[in-house]
Amino acid sequence: MKTKMILGALCMGVLLFSSCSTTNGLVKSTEAQHYYYSNEAPDEDAVLKITNQTDFDRYFGEAAVMGKNGQPTKIDWSKQMVIAKVLKTTNRCTEISNMQLRETDSHELTLSYCLHSKAPQSYSIKPMAMLIVDKKYADYTVKEKAMENCCVKKK
């Protein structure tokens with residue numbers, strides 16, 4: 001009886017540990033905050049993979065705001081890189097949210113995200129969102145998977 005209880009507890013522990021550690025290929029990332037897509041950069045719908053500060057500065061600028069956590073997210077280019085989704089200029093309030101990066105194949109990543117577009121507004125924007133990831137993915141190909149009007153970013 002005692003052996004069965006120990007074996008049962010051991011099996012439960014293994015199942016619990018394996019279910020918690022399985023991420024289904026999810027790549028650890030941090031959403032970068034307080035950056036904007038430059039007016040000088042190409043007006044394109046693209047996924048950008050950027051591995052150094054010089055290339056980053058061609059596309060993005062810092063947009064610090066007042067208050068707690070108002071500084072742009074720091075990027076350590078010696079260890080990290082950026083994967084960004086940018087959209088063409090639009091007059092619609094458009095959000096890119098729930099970005100996730102998964103390792104889907106050998107040397108392949110899939111960037112999935114929700115795309116939510118609202119009513120037209122009186123000005124134009126260049127919607128974008130970016131993730132900071134480990135630089136070990138620098139040689140990986142990035143594919144994208146957008147889901148239209150599937151969600152709204154929670155505030």
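Just so it is clear, the values below take in all heavy atoms, side chains as well, and ignore hydrogens, waters and symmetry mates.
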Modelled atom types, side-chain donor and acceptor of Glu103 and Tyr140, under 3.5 Å = yes

inquiry  = Side-chain heavy atoms nearer than 4.5 Å, only ILVMFWY residues, links allowed to pass through others: does that put Ile132 and Ile83 together?
reply    = no

Do Met99 and Met128 belong together in a cluster built from hydrophobic side chains that touch within less than 4.5 Å? no

Check whether any side-chain heavy atom of Val82 sits under 4.5 Å from a side-chain heavy atom of Val133, and report yes or no. no

Taking the side chain as C-beta and beyond, is there a heavy-atom pair between Arg102 and Asn24 under 4.5 Å?
yes

- Message: Under the criterion side-chain contact (heavy atoms from CB on, under 4.5 Å), I'd like the reasoning laid out for Leu87 against Ile96: C-alpha separation, chi angles, the key distance, then a yes or no.
- Response: CA-CA 9 Å; Leu87 301 172; Ile96 302 168; 4.0 Å; yes

Worked check of side-chain contact (heavy atoms from CB on, under 4.5 Å) between Met147 and Ser112: CA-CA 8 Å; Met147 295 168 275; Ser112 61; 4.3 Å; yes

- Is Tyr37 reaching over with its side chain to a backbone N or O of Ile125, donor-acceptor style, under 3.5 angstrom? no

For Met66, the other hydrophobic cluster members (4.5 Å side-chain criterion, sorted by chain and number) are none

Checklist entry - Would you say the side chain of Lys126 lies within less than 4.5 Å of the side chain of Val86, judging by non-hydrogen atoms? => result no

Q) In this structure, are over 12 heavy atoms from other groups packed under 6.0 Å from Asp76 atom CG? A) yes

Rounded to the nearest 0.5 Å, the CD atom of Glu31 sits from the OG atom of Ser97 at a distance of 8.5 Å

Notebook entry, point to check: Hey, quick one: are Leu131 and Tyr113 part of the same hydrophobic cluster, counting side-chain heavy atoms closer than 4.5 Å, chains of contacts allowed?
Noted result: yes

Interatomic distance, CD@Glu62 vs OG1@Thr73, rounded to 0.5 Å, equals 10.0 Å

Check: Any chance the side chains of Thr104 and Thr110 put a donor and an acceptor closer than 3.5 Å?
Finding: yes

N/O donor-acceptor pair under 3.5 Å between Arg92 side chain and Gln121 backbone: no

In terms of heavy-atom contacts, Ala63 and Pro72 come closest through N-CG, 4.3 Å

Sorted by chain and residue number, the side-chain contact (heavy atoms from CB on, under 4.5 Å) partners of Asn69 (sequence neighbours excluded) come out as none

Nearest heavy-atom approach of Gln71 to Ala64 is NE2-CB, 4.0 Å

Q.
Count I, L, V, M, F, W, Y as connected when their side-chain heavy atoms are under 4.5 Å apart, and connections chain through other members. Are Met130 and Met81 then in the same cluster?
A. no

Worksheet item: If we only count heavy atoms from C-beta on, is the Thr141 to His107 side-chain gap below 4.5 Å?
Response: no

Ignoring hydrogens and angles, tell me if any N or O in the side chain of Asp105 forms a donor-acceptor pair with the backbone of Glu108 under 3.5 Å. no

More than 12 heavy atoms of other groups within 6.0 Å of Tyr59 OH: no

query = Any side-chain heavy atom of Thr90 within less than 4.5 Å of one from Pro127?
reply = yes

Value for NZ (Lys88) from OG (Ser124), rounded to nearest 0.5 Å, stands at 13.0 Å

Original post:
Within a strict 4.5 Å, meaning less than it, do heavy atoms of the Tyr123 and Asn91 side chains meet?
Top reply: no

(message) Would you say that Trp77 contacts Thr54 through its side chain, given a criterion of any heavy-atom pair below 4.5 Å between the two side chains?
(response) no

Original post:
Going hydrophobic residue to hydrophobic residue with side-chain gaps under 4.5 angstrom, can you get from Leu101 over to Tyr35?
Top reply: no

In short, salt bridge (charged side-chain N to carboxylate O under 4.0 Å, His left out) pairs touching residues 38-51 with sequence neighbours left out are Asp45-Lys85

message: Has Lys118 got a side-chain atom pairing as donor or acceptor with Thr94's backbone, closer than 3.5 angstrom?
response: no

Between Phe60 and Tyr36, is the ring-ring contact (aromatic ring centres under 6.0 Å, His included) condition met? List the steps.
CA-CA 6 Å; Phe60 301 101; Tyr36 65 91; 8.6 Å; no

- Message: Donor-acceptor check, side chain of Lys79 to backbone of Lys135, threshold 3.5 angstrom: yes or no?
- Response: no

